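To keep things clear, I will list the structure first and then write my remarks on it.
Remember, it's a predicted structure, so these values are computed and weren't measured experimentally.
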Amino acid sequence: MNKFAIMVDSGSDITPELAKKIGIYYMPMYLNLNNESFKDNVEITSAKFYEILDSLDTIPKTSIPSPFEIKNKLEEIKNDGYENILIITISDKLSGFNNLCESFSKGKMHIRVFNSKNVAMGEGHLAVFAKELADEGKTLDEVFEILEERKKDSTVFFVVNTLKYLKEGGRIGAVGSMIGQILSIKPIITCNQITGSYEVFKKARGKNRAYSELISSVKDKLNDAKDYYLTITHGGDKEDFLKAKEDLSIFVSKANKYFETELTPSLGANTGPLFGVGLFKIN
């Protein structure tokens, strides 16, 4: 009776391969390039996206799946034997996906839609945690309540190479007001777990200093952690990605779960090239 399915969107930075491996369902967002639409990490890979990003004449746009696609996915899940579904979504401040899924929560199936108020593996870690709780025998409603209590412990930090993608996508918000016109200032950006919006965590002068501040912040958060998930990610910034693996190696080795990702195209379209770290403190 406790059996339920978990579905997550690609804004979680979980790939179709990882979703299949851990036993959850994957719903891709869309990347729109030159009047064509591509499903996230299904019809265009992260590697291909960052390879062509600099050569594009216009900044890519993104879109959410159609209601028809959501309906079909829910039918697929039902046909797999599930009547209860937990949908974990990217923050409602960054995408309309959460609101779309809420419109399906009043049907015959028992569907609960969890707003992670986060992005990338800040959301993805919560999906992984939810699957672990489900495997332990927790009910859908129990998992939902635990996620509500614990989502504040899932954090993502990133440094972008340029602010133009955040500006173009309308996601600059408080970031832009703090940065002003001082081009040498690099913000460390996070997603506020209460508002679900991007905000500046710290500011640093120059990319190298921003990198050091980000790594220091991650270490400070994990120094007292016994159990945690850790993800190191990049979007076309392999140099800092590889350096972070070395600088955080002791934390990588002790993590309950460790992931490496190349930021999914629909997120990269709104941030541009970047380097980032996500962490989730289990206790």
Side-chain angles (χ1 to χ4, degrees), residues 7-22 24-66 69-70 72-73 88-91 94-97 118-125 127-128 156-172 189 191 198 207 211 230-245 258-278:
M7 185 177 87
V8 71
D9 60 82
S10 62
S12 65
D13 211 23
I14 286 180
T15 62
E17 294 77 19
L18 178 57
K20 182 177 181 180
K21 180 179 178 180
I22 65 177
I24 64 177
Y25 292 85
Y26 175 86
M27 177 56 69
M29 302 291 195
Y30 280 93
L31 180 75
N32 304 316
L33 295 173
N34 301 323
N35 297 317
E36 290 187 74
S37 294
F38 302 89
K39 292 180 180 179
D40 243 357
N41 272 320
V42 175
E43 298 171 339
I44 184 168
T45 65
S46 296
K48 180 63 177 178
F49 172 68
Y50 292 107
E51 179 185 325
I52 66 173
L53 182 58
D54 287 341
S55 66
L56 297 175
D57 294 330
T58 59
I59 291 178
K61 303 294 184 182
T62 61
S63 57
I64 63 176
S66 69
E69 290 174 290
I70 301 294
N72 283 347
K73 178 60 71 172
I88 298 174
T89 76
I90 186 174
S91 171
L94 303 177
S95 168
F97 185 71
N118 221 315
V119 66
M121 285 304 281
E123 173 194 352
H125 285 158
V128 174
V156 63
F157 300 116
F158 59 92
V159 177
V160 295
N161 289 2
T162 172
L163 290 172
K164 73 176 184 178
Y165 294 92
L166 286 169
K167 289 179 182 177
E168 182 70 20
R171 291 169 171 82
I172 198 75
I189 299 171
C191 196
Y198 286 140
K207 186 180 177 183
Y211 169 88
L230 180 65
T231 294
I232 303 177
T233 188
H234 76 92
D237 190 349
K238 293 183 179 179
E239 182 178 349
D240 281 346
F241 169 79
L242 294 172
K243 188 171 186 295
K245 287 177 63 176
Y258 169 67
F259 304 96
E260 296 178 359
T261 71
E262 189 166 13
L263 194 71
T264 196
S266 69
L267 295 180
N270 292 306
T271 62
L274 58 72
F275 152 75
V277 177

### Task
Apply side chain to side chain contact (heavy atoms under 4.5 Å, CB included) to Leu166 and Tyr198, showing your working.
CA-CA 10 Å; Leu166 286 169; Tyr198 286 140; 3.9 Å; yes
### Task
Applying side chain to side chain contact (heavy atoms under 4.5 Å, CB included), run through Val119 and Ser91 and close with a yes or a no.
CA-CA 6 Å; Val119 66; Ser91 171; 5.9 Å; no
### Query
Which is it for Phe275 and Asn161 under the side chain to side chain contact (heavy atoms under 4.5 Å, CB included) test, yes or no, and what are the steps along the way?
CA-CA 8 Å; Phe275 152 75; Asn161 289 2; over 6 Å; no
### Message
Evaluate Ile88 against Glu123 for side chain to side chain contact (heavy atoms under 4.5 Å, CB included), listing each step before the verdict.
### Response
CA-CA 8 Å; Ile88 298 174; Glu123 173 194 352; 4.1 Å; yes
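Note that CE of Met27 and CG of Asn72 are 8.5 Å apart. Values are rounded to the nearest 0.5 Å. Rounded to the nearest 0.5 angstrom, Ile59 CD1 and Leu33 CG are separated by 12.0 Å. Note that the CG atom of Leu53 and the NZ atom of Lys48 stand 12.5 Å from one another [nearest 0.5 Å]. Residue His234 holds its NE2 atom at 10.5 Å from CG of Asp240, rounded to the nearest 0.5 Å. For the atom pair OG (Ser95) and CG (Asn270), the distance works out to 9.5 Å, reported to the nearest 0.5 Å. Interatomic distance, CD of Glu36 versus CD of Glu43, reported as 10.0 Å (0.5 Å rounding).
In this structure, Phe38 and Pro28 have side chains that are not in contact, with every pair of non-hydrogen atoms separated by 4.5 Å or more. Counting heavy atoms from C-beta on, the side chains of Ile64 and Met29 come closer than 4.5 Å. A heavy-atom distance below 4.5 Å is not found between the side chains of Val160 and Tyr165.
When all heavy atoms of Asp9 and Thr89 are compared, the pair lying nearest together is OD2-CA, 3.0 Å. The heavy-atom pair separating Gly235 from Tyr50 by the smallest distance is CA-CZ, 3.4 Å. Residue Ile14 comes nearest to Ala19 through the heavy atom pair CG2-N, 3.8 Å, listed as atom of the first residue, atom of the second, then distance. The shortest non-hydrogen separation linking Gly276 to Leu274 is N-CD1, 4.2 Å. The two residues Ile90 and Gly11 make their nearest non-hydrogen contact at CD1-CA, 4.2 Å. The shortest heavy-atom contact between Tyr26 and Ser10 is OH-CB, 3.2 Å.
A donor-acceptor pair under 3.5 Å links the side-chain atoms of Tyr211 to the main chain of Ala244, judged by distance alone.
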Please set out all donor-acceptor pairs under 3.5 angstrom arising from side-chain atoms of residues 259-267, sequence neighbours excluded.
{"residue": "Glu260", "atom": "OE2", "partner": "Lys245", "partner atom": "NZ", "Å": "3.0"}
{"residue": "Glu260", "atom": "OE2", "partner": "Tyr258", "partner atom": "OH", "Å": "2.9"}
{"residue": "Thr261", "atom": "OG1", "partner": "Asp13", "partner atom": "OD2", "Å": "2.6"}
{"residue": "Thr261", "atom": "OG1", "partner": "Thr233", "partner atom": "OG1", "Å": "2.6"}
{"residue": "Thr264", "atom": "OG1", "partner": "Asp40", "partner atom": "OD1", "Å": "3.4"}
{"residue": "Thr264", "atom": "OG1", "partner": "Asp40", "partner atom": "OD2", "Å": "3.2"}
{"residue": "Thr264", "atom": "OG1", "partner": "Asn41", "partner atom": "ND2", "Å": "3.2"}
{"residue": "Ser266", "atom": "OG", "partner": "Asp40", "partner atom": "OD2", "Å": "2.4"}

